[in-house]
K.L.:
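The structure's right below; bear with me while I get my questions together.
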Amino acid sequence: MAAPAETLTNMPRHSLYIIIGALFSVHHQPPADKVHERQCGAVREQYGIQRVEAMLATLDRINADRRILPDVTLGCEIRDSCWHSSVALEQSIEFIRDTLVSAEEEESASRCVGDESVAPISGKKPIVGLIGPGSSSVAIQVQNLLQLFNIPQIAYSATSTDLS
């Protein structure tokens, strides 16, 4: 099986490229004395890394089967939440910032149509939704932020009825 980046590189270009955001806890929570520094703990090999690999493998399978989403290629941006609310919120703000910057670039490029001296800027890509984080309490905090920007969220292992 080819690496995910190679798979997407070798695929034909399609009319639509969609980015899905993900917050996985690849590392353990930061120790209490390191929370303010945003330094996460040790790597969570089975729990964190497996979820990243599962998402990449799933996207590869979906992209390889043109019957599932014809003319669409899925991509992802995965960030580490460290199973901690402040880290997850900080990463969510970055997703939102990328979405807002992308919208501004698109608007700017559309105003310059016909002006060949101005090349469209291809910076950050906006996410269409977010998968994660896994903890109910953290997912609720992230959801409160994402809903302000109409970004849907699937909290893959959250069990709180507040998210229903």
K.L.:
Determine which pairs satisfy ring pair (Phe, Tyr, Trp, His ring centres under 6.0 Å) with at least one residue from residues 49-75, sequence neighbours left out, and list them in order.
P.N.:
none
K.L.:
About how many Å separate OG of Ser85 and CD1 of Ile140, when rounded to the nearest 0.5 Å?
P.N.:
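Answer rounded to 0.5 Å: 11.5 Å.
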K.L.:
Testing Leu59, Val52, Thr58 for side-chain contact (heavy atoms from CB on, under 4.5 Å) with Met55, which one passes?
P.N.:
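Running side-chain contact (heavy atoms from CB on, under 4.5 Å) over Leu59, Val52, Thr58 with Met55 returns exactly one hit, Leu59.
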K.L.:
If Ile, Leu, Val, Met, Phe, Trp and Tyr residues are connected whenever their side-chain heavy atoms lie under 4.5 Å apart, and connections chain through other members, are Val43 and Leu56 in the same group?
P.N.:
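As far as the 4.5 Å side-chain criterion goes, Leu56 and Val43 are connected within one cluster.
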K.L.:
Which is it for Leu145 and Gln153 under the side-chain contact (heavy atoms from CB on, under 4.5 Å) test, yes or no, and what are the steps along the way?
P.N.:
CA-CA 11 Å; Leu145 179 62; Gln153 173 191 22; over 6 Å; no
K.L.:
Does the pair Leu130 and Phe95 meet the rule for a side-chain contact (heavy atoms from CB on, under 4.5 Å), with working shown?
P.N.:
CA-CA 9 Å; Leu130 181 77; Phe95 280 130; 3.4 Å; yes
K.L.:
Considering all heavy atoms of both residues, which atom of Arg66 and which atom of Asp71 are nearest to each other, and what is their separation?
P.N.:
NH1-N, 4.2 Å
K.L.:
Quick one: side-chain contact (heavy atoms from CB on, under 4.5 Å) partners of Asn150, sequence neighbours excluded?
P.N.:
none
K.L.:
Does Val138 share a hydrophobic cluster with Ile154, counting links as ILVMFWY side-chain heavy atoms below 4.5 Å and allowing steps through other members?
P.N.:
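They do not share one cluster, since no chain of ILVMFWY contacts under 4.5 Å joins Val138 to Ile154.
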K.L.:
Any carboxylate oxygen within less than 4.0 angstrom of a Lys/Arg side-chain nitrogen, looking at Glu53 and Arg51?
P.N.:
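Here Glu53 does not pair with Arg51 in a salt bridge, since their nearest N and O are not under 4.0 Å apart.
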K.L.:
Within the supplied structure, the quantity of interest is the number of heavy atoms (other residues, nucleotides, ligands) at a distance under 6.0 Å from Ile62 CD1; does it exceed 12?
P.N.:
yes
K.L.:
Within the distance-only criterion (no hydrogens, no angle test), does the side chain of Ser157 pair as donor or acceptor with the backbone N or O of Gly134 below 3.5 angstrom?
P.N.:
yes
K.L.:
Cluster question for you: counting only ILVMFWY and a side-chain heavy-atom cut-off of under 4.5 Å, with indirect links fine, are Ile131 and Ile68 together?
P.N.:
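Yes, Ile131 and Ile68 fall within the same hydrophobic cluster.
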K.L.:
With rounding to the nearest 0.5 Å, note down the distance linking NE2 in His84 to CD in Glu90.
P.N.:
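So the gap between those two atoms works out to 11.0 Å.
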K.L.:
Would you mind reporting whether Pro133 and Val142 have side-chain heavy atoms less than 4.5 Å apart?
P.N.:
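Touching, per the 4.5 Å side-chain cut-off.
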K.L.:
Say whether, by atom type as modelled, one donor and one acceptor occur between the side chain of Ser136 and the main chain of Ser160 under 3.5 angstrom.
P.N.:
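Present.
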K.L.:
Here's a test for you: under side-chain contact (heavy atoms from CB on, under 4.5 Å), which of Asp98, Leu146, Ile96, Ile151 qualifies with Ile127?
P.N.:
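Among Asp98, Leu146, Ile96, Ile151, the one meeting side-chain contact (heavy atoms from CB on, under 4.5 Å) with Ile127 is Ile151.
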K.L.:
Side-chain polar contacts of residues 18-30 - donor-acceptor pairs under 3.5 angstrom, sequence neighbours left out - could you list them?
P.N.:
unit_1 : atom_1 : unit_2 : atom_2 : d
Ser25  : OG     : Arg44  : NH1    : 3.0
His27  : ND1    : Asp80  : OD2    : 2.4
Gln29  : NE2    : Trp83  : O      : 2.8

K.L.:
To the nearest 0.5 Å, what is the distance between CG on Asn63 and CG on Leu69?
P.N.:
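CG of Leu69 is found 8.0 Å from CG of Asn63.
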